[in-house]
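Side chains included, hydrogens not; waters and symmetry mates left out as well; all remaining heavy atoms used.
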Amino acid sequence: FTLNVSAGDDNLLHNYLLDLDMSFSDMQLHAANDSLITARASLLDFRTGETRLDSLSFNLFQRGRFLIYEANIDNRPGTLDAFARINGKGFVGPEKFGLMLKQQNIQGETGFSFGTTINMPDENTVALRFVPYHPIIGYKEWEVNRDNIITYNLLTRHIDANLNLHNDKSTVEILTHHNESDSTQEALTVNLKDIQLADWVALYPFAPPVKGNLSAQMDITLDGKDINGKGTVALADLFYDRQRVGDFNIDLDVLTRPNGALHADASLSIDGKKAMTLSGALNDSTLANPLMLDLRVIDLPLTVANPFLPPGVATLAGRLQGQMDVDGKMTAPVLNGWLAFDSAGVTPTMLGTQLTLPSDSIPVVNSMVRFNSFAIKAVNENPLTINGWVDLSDLALMKMDLAMAARNMQLTGSKRIRSADVYGKSFVDLDARVKGDMRYLNVTAEADILPGTNVTYIVPGLTNEIARQSNQDMV
């Protein structure tokens, strides 16, 4: 057969893709089979959402029992400059597969050059190998052992591994110590040393601005459905958007008990201080609730959330404490316990005033967080009082019904605070209601500005613009 397809930007296919928020300016496809298979395809100016790719191409031809393929993405300057050229090529054959990927930026520097081969030495075993032996990852040269291999037996689920990927600073090691005379699954050891997150996330064009050093040491044993594992994970100097988040250390111990129940003990430390612990059963079918965990929030610093908040919105301070029983099912956990803030506050950037959160215990009953006269104070002693509830039964679709009221509450002081858009004294009365779920929130509010209010609001960016224009007008 022979197939030829040509399409521009005004046809049924293109209009269908528009409904999916995708488009292209030109598409070409040629495929044939006259005893050997060949195919060529190309797309120009492909767009999906906010992403644009200038040129995509794909070639395929048959050589004996193998299909040889190659795919390319090529972009002009200004279009994903860090991914100006991406090339993938390899083969597909009987019980064999190969792939080699290479990425270059607009300057022609190689950021990623790594590949793999997969084959089946027998009908039950899949073997994975990495090539070449001197790959490039995150614009850095690495080395992988020449005898690297990871095998998996489809019948017995037995895993064997011998992988050591390293450079002068970092190491990724996955090992088993196989005994040919013993079919029992030996421990799978995973060692990570000083993995630079920035190197690896650079492989993704829309990666978040994150960096840090990841290390881990884990011993994992798989025996049928039983999983046992113990180890530590450390993430040092985690930064997000150039702001430091902290040092994180996790101790983890997972054990399958004789009745088949999976039991876990985990603890999280932040900047050297224990922040949280978690202990209990994950899937104990002998209990009324298969999930039964004890979560203790010992001293969780709220500041770790600041780098992830939208710029110019607010900053958090203080700590969160609490204790929670987590039961039910993994798909629908039920929470019972309490939470409390310690020396905590929220500072809206616009106001520059810290809203102090009370240290009163907040009860959580059947995943319902209940607020009872929860009083948030600003400048004076007259608080914003919150009453109501937030339902955490479905975290993706939280429901809430909150009533808020304030009388003669002073939101700002007379002193101007750096980066704040409002300064001067402001006094308000407020009555508000927030009701609904995360799909639709009904917010009603009535606010009164009280006598004694005298504030100045600075339009963000306007001061710099006025100064710039004034300098241009000067002679």
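Sparse packing is recorded around CG of Asn454, with 12 or fewer heavy atoms of other residues, nucleotides or ligands lying under 6.0 Å away.
Side-chain atoms of Asn283 come within 3.5 Å of backbone N or O of Leu262 as a donor-acceptor pair. Looking only at distances, no side-chain donor or acceptor of Ser279 sits under 3.5 Å from a matching main-chain atom of Asp265. One N or O on the side chain of Ser215 and one on the backbone of Asp194 form a donor-acceptor pair closer than 3.5 Å. Between the side chain of Ser113 and the backbone N or O of Ile136, no donor-acceptor pair lies under 3.5 Å. In this structure, Asn75 contributes its side chain and Phe83 its backbone to a donor-acceptor pair below 3.5 Å. One N or O on the side chain of Asn382 and one on the backbone of Asn408 form a donor-acceptor pair closer than 3.5 Å. At least one donor-acceptor pair closer than 3.5 Å links the side chain of Asn380 to the backbone N or O of Gln410. Formation of a donor-acceptor pair under 3.5 Å by the Thr412 side chain with backbone atoms of Gly424 is found in this model. At least one donor-acceptor pair under 3.5 Å links the side chain of Thr176 to the backbone N or O of Ala161.
Contact detail for Ala305 and Leu316: the closest heavy-atom pair is CB-CD1, 3.9 Å.
Taking the side chain as every heavy atom from C-beta outward, Leu357 and Val346 approach each other to under 4.5 Å. Looking at heavy atoms from C-beta onward, Asp199 lies out of side-chain contact with Ser170 at the 4.5 angstrom threshold. Side-chain contact between Phe46 and Met27: absent, with no pair of heavy atoms (C-beta onward) separated by less than 4.5 Å.
Here Ile106 contributes atom CD1 and Asp81 contributes atom CG; the two are 5.0 Å apart, rounded to the nearest 0.5 Å.
Among Trp142, Phe114, Phe112, Tyr139, the single residue meeting the ring-ring contact (aromatic ring centres under 6.0 Å, His included) criterion with Trp200 is Trp142. Under the side-chain hydrogen bond (donor to acceptor under 3.5 Å, both in side chains) test applied with Arg407, the options Asp431, Thr385, Asp429 reduce to a single match, Asp431.
Aromatic ring pairs are classed by plane angle as parallel below 30°, tilted from 30° to 60° and perpendicular above 60°; the pair Tyr69 and Phe58 is parallel.
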